[in-house]
Every structure is written in C-alpha cells, then in structure tokens.
Protein chains: 2
Amino acid sequence: MSKKQNKRQIILDEAAKLFKLKGFGGTSMRDLAGEVGMEAASMYNHIKSKDEILEHLCFHVSDTYIAQLAQVEQMRGSNGDKLKELLRLHIHLMLEDGAAVSVANNDWKYLTSDKLELFKAARKQYEKGFAMLIENGIAEGEFQPVNASVALFTILSAVRWVELWYRPGRGVTAQELEQDIMTILLNGLAKKQ
Amino acid sequence: MSKKQNKRQIILDEAAKLFKLKGFGGTSMRDLAGEVGMEAASMYNHIKSKDEILEHLCFHVSDTYIAQLAQVEQMRGSNGDKLKELLRLHIHLMLEDGAAVSVANNDWKYLTSDKLELFKAARKQYEKGFAMLIENGIAEGEFQPVNASVALFTILSAVRWVELWYRPGRGVTAQELEQDIMTILLNGLAKKQ
DNA sequence: AGCATTAACTAACAAATGTTAGTTAATGCT
DNA sequence: AGCATTAACTAACATTTGTTAGTTAATGCT
C-alpha cells in the first residue's frame with residue numbers, strides 16, 4: 001500500500017514536469033512511462049487515466065490556493081497586510097510546486113467538461129476573494145483608485161513568470177524575489193518624490 | 001494570387017483563434033479545416049504544413065516586438081518615458097492581435113528545433129533591450145533599486161493577462177486599461193504618503 | 001478555342017495515441 | 001505451504017493524427 005502510494009506519486013510528479021515542459025497534449029503516456037522507468041501500460045496499475053493525472057495536478061493547486069485565501073481572510077490587519085500575505089503564499093506555492101502550478105496555469109483547458117467547470121469555479125472563487133481585498137483597500141483609501149479587476153489580474157499575472165523563470169541557483173534568493181515583486185507591485189517602480 | 005493570399009490569411013487567422021482556444025497539440029488539421037469551411041487536405045494548397053502555421057504566428061509576434069523595441073530605442077526622453085512607450089506598444093499588439101500573441105506566448109515550445117532556437121533568440125533580444133531601459137533608469141536614480149531582471153519579468157508578465165481577459169465590451173476601455181496598468185506598475189498600488 | 005493554373009475534393013497512408021486484455025513473477029498474509 | 005494481491009510485462013485494439021496522391025471543376029491568359 002505504501003509502495004503503491006509511492007509509485008503513484010512518482011508518476012504524478014514526473015507528469016507535472018513533463019506537462020510543464022511539453023504540454024499535456026504534447027506528452028504521451030509512453031513518454032511519461034519512459035521517464036518513470038516503466039511501460040506505459042504498467043502505469044495503469046497506479047493511475048486511472050491520463051485525464052485523472054491532469055485533474056489531480058490542477059485541483060491540487062486550486063485547493064491549495066483556496067485554503068490560503070481562507071487562511072488570510074481570518075487574519076487581522078490592514079488590507080495591505082492581508083494582500084501582502086496572500087501574495088506571499090501565492091508565490092510560495094510557485095516556488096515549492098512550480099511544475100504543478102505551471103500545469104494548472106497552462107493545461108487546465110484540457111480538463112474534461114464537468115471537471116473543467118469545477119476548476120473554473122474554484123479559480124473564480126479565489127479571484128473573487130483576492131479582488132475583495134483590493135476593493136476594500138481602495139474603499140478605505142489605502143490603495144490608489146484603480147479598477148479592482150485590472151489590479152487583480154495585473155498582480156496575479158505579474159507573479160506568473162516566477163514558475164517559468166525561478167531556479168535556485170540564479171543569483172536571486174526567494175526572499176529577494178518576494179521583496180522585489182512586492183516593492184514593484186505595491187510601491188511601484190518609479191521613485192516616490 | 002490575391003485570392004490565395006486571402007484564403008491563406010483566413011487559415012492563419014482561424015488557426016490563431018483555435019490554437020489559443022485549444023492549444024497547438026489540441027487542434028487537429030481537421031478541426032481547423034472545419035472552422036475554415038474546407039477539407040483538411042485542401043488547406044495544403046495554401047499552407048505548407050501545420051508547423052509552418054505555428055512558425056508564421058510566432059515570428060509575426062516576435063518580429064513586431066523587436067521592431068517596436070528599435071523604434072523606442074531611438075526616441076529621446078527619460079527612461080521612464082521610453083519604458084512607458086514600449087509598454088504601451090506591447091499592450092497595443094495584445095489588444096490588436098490577441099490570438100497570435102497568445103500562441104506566441106503559449107505554443108512557441110512546439111516550434112521545430114532550428115525555428116525554436118531562432119524564436120528564443122528573438123525573445124531574448126527583446127528582453128535584453130527592455131531590461132536595458134530599466135537598468136539605465138535605476139543607474140540614473142529614476143527607478144527604485146530593484147533587481148532589473150525581476151522588474152523586467154514582473155512587468156512583462158503583468159500585462160500577459162490582457163490577451164486572455166480583454167474583450168471590447170467589458171466596461172473597461174483600452175485607454176483605462178493602459179492607464180491603470182501603468183499606474184500600478186510604475187507608481188504602485190499603495191498610495192504615496 | 002485551347003491550355004495552364006488554381007483550388008477544391010475523396011481516399012488512403014503510416015505513424016502515434018490512450019487504453020485494455022492476458023500473462024507472469026514477486027510479495028505478504030494465514 | 002498455499003493462496004491472493006500487487007505490479008510489472010507483451011501484444012494488440014481502435015482512433016486519431018498530419019500528410020500525400022490522384023482527380024476534377026472552375027478560372028484566366030494567349
């Protein structure tokens with residue numbers, strides 16, 4: 001039983017890496033099997049289907065994001081503090097589970113119909129909670145009076161490059177990264193005068 | 001001859017839309033043919049291969065970006081002004097040719113080997129020019145002293161959602177959009193105090 | 001009118017795809 | 001020791017894929 005869990009996890013991890021590299025459609029079960037060190041057919045002892053792999057990866061990410069949102073919502077502090085913390089957690093998942101996040105960002109559209117709807121709903125829920133923090137911040141005069149949706153997507157997109165770009169040995173630490181991104185997004189690139 | 005150009009363009013445009021919607025791998029030549037209103041085999045009177053379609057779309061985008069960079073580089077004005085203008089042009093292409101930009105952003109990895117290298121080189125050239133503006137701005141004390149690469153990718157990513165999200169009838173005009181994105185990226189979301 | 005080109009079609013191909021069936025050796029429980 | 005389960009294998013399947021061959025009607029030039 002523990003062995004089974006283990007092999008399944010290896011398949012899922014390897015799938016995340018391959019899907020990130022070559023896309024869901026561009027990755028065949030034989031490719032994946034080669035990476036795992038097994039025949040394609042053998043993997044079906046551990047997983048139900050190729051679609052199930054995709055579902056697992058996508059919902060792992062969306063579930064985590066929603067849990068993080070719930071966690072931040074019951075924090076106390078300013079909207080700026082909450083936004084900062086949610087963003088920090090958001091970036092943190094990217095650094096920790098980059099391949100899965102990449103799949104959830106790029107290959108979610110290949111989910112089959114009912115799962116696709118579920119995923120889109122989850123994403124919308126997350127975005128809604130995120131937007132609420134921004135709207136509250138604007139209403140309370142804490143943030144600049146921009147369109148909240150525009151701010152939301154600008155921020156969420158702004159951090160998406162992290163999973164494509166960040167590698168530990170790149171001369172930028174995770175702390176610097178977080179700090180600089182926060183600076184740019186909250187304080188802006190231009191110097192205050 | 002003009003007819004041929006026309007049909008070819010229809011195929012390319014329709015391909016951009018489909019690739020954006022379902023990905024390069026997820027779009028079959030028969031799907032595309034159905035959209036164009038033609039049998040799959042008939043399209044080969046107008047295009048060389050499925051790969052050629054992808055190449056055309058990707059290089060159309062990278063060529064445009066590089067031309068825009070060259071245009072801005074010979075402007076006079078502050079680094080902030082140049083950065084603003086380059087970003088404005090960048091967003092403009094997204095609004096004008098969203099599907100092609102989407103393909104260049106998401107499906108470039110399916111380019112075949114030599115074209116893939118060419119595309120990556122073009123992208124690197126664009127990023128290098130973009131980064132130079134930021135570095136100059138920092139050196140001249142115009143921008144905050146952040147890591148230039150982090151700033152570069154944060155800005156370039158920040159605007160990527162536009163092609164996924166923007167639709168004319170969404171209550172936000174292109175002008176508002178540009179303005180708000182500039183505000184957030186250059187001045188920051190937080191109010192100056 | 002005669003001819004060459006264009007652009008559509010149908011039919012078919014070879015390769016690749018996700019998946020199932022059937023088999024077999026190893027492992028662990030009673 | 002005997003039995004059930006697990007997890008690997010090979011072989012094969014039905015589809016789908018990108019693409020080519022061969023044909024045919026329409027178009028336009030001389």
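Hydrogens, waters and symmetry mates play no part in the numbers below; they use all other heavy atoms, side chains included. Just so we're on the same page: letters track the sequence lines, and every chain starts at 1. Values in this document were obtained by computation on a predicted structure and should not be read as measured data.
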I want to know whether A/Y65 and A/H60 have ring centres closer than 6.0 Å.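 No: the rings miss the under 6.0 Å criterion.
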Whole angstrom value for the distance that separates [atom2] of [N] from [atom1] of [X]:
| X | N | atom1 | atom2 | answer |
| --- | --- | --- | --- | --- |
| B/Q9 | C/dA7 | CD | P | 15 Å |
| B/I47 | D/dT20 | CD1 | C1' | 13 Å |
| B/Y110 | D/dT17 | OH | C1' | 15 Å |
| B/F24 | D/dT17 | CZ | C1' | 12 Å |
| B/I11 | D/dT19 | CD1 | P | 13 Å |
| B/M43 | C/dC9 | CE | P | 10 Å |
| B/N45 | C/dT5 | CG | C1' | 11 Å |
| B/K50 | D/dG18 | NZ | P | 4 Å |

Show the nearest heavy-atom pair for residues B/G98 and B/E163, with the distance to one decimal.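 Smallest heavy-atom distance, with atoms named: O-CB, 4.0 Å.
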Give, for atom CD of B/E73 and atom CG of B/L133, the distance between the pair rounded to the nearest 0.5 Å.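 It comes to 7.0 Å.
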Does a side-chain N or O of [X] approach OP1 or OP2 of [N] to a distance below 4.0 Å, or not?
| X | N | answer |
| --- | --- | --- |
| B/S42 | C/dC9 | yes |
| B/K48 | D/dT19 | no |
| B/H46 | C/dA8 | yes |

Are the side chain of [X] and the backbone N or O of [Y] linked by a donor-acceptor pair below 3.5 Å?
| X | Y | answer |
| --- | --- | --- |
| B/T154 | B/V150 | yes |
| B/E142 | B/G80 | yes |
| A/S42 | A/M38 | no |

Would B/K50 count as a cation-pi partner of B/Y110, with NZ or CZ less than 6.0 Å from the six-membered ring centre and within 45° of the ring normal?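 Geometry flag: not set, cation outside 6.0 Å or 45°.
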As a test of reading the structure: which of D/dT20, C/dT19, D/dA8 is closest to the side chain of A/Y44, going by heavy atoms?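 Side chain of A/Y44 sits closest to C/dT19.
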Could you identify the nucleotide paired to C/dA12, looking across every strand shown and requiring Watson-Crick or G-U wobble geometry with both distances under 3.5 Å?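 When the pairing criteria are applied, D/dT19 turns out to be the nucleotide that pairs with C/dA12.
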Tell me which nucleotide, if any, is Watson-Crick or G-U wobble paired with C/dT24 when both distances must be under 3.5 Å.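 Partner of C/dT24: D/dA7.
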Identify, residue by residue, the members of residues 25-39 of chain A with a heavy atom below 4.0 Å from DNA chain C, and return them in order of residue number, or none.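 The stretch gives A/T27, A/S28, A/M29, A/R30 as the residues lying under 4.0 Å from the strand, ordered by number.
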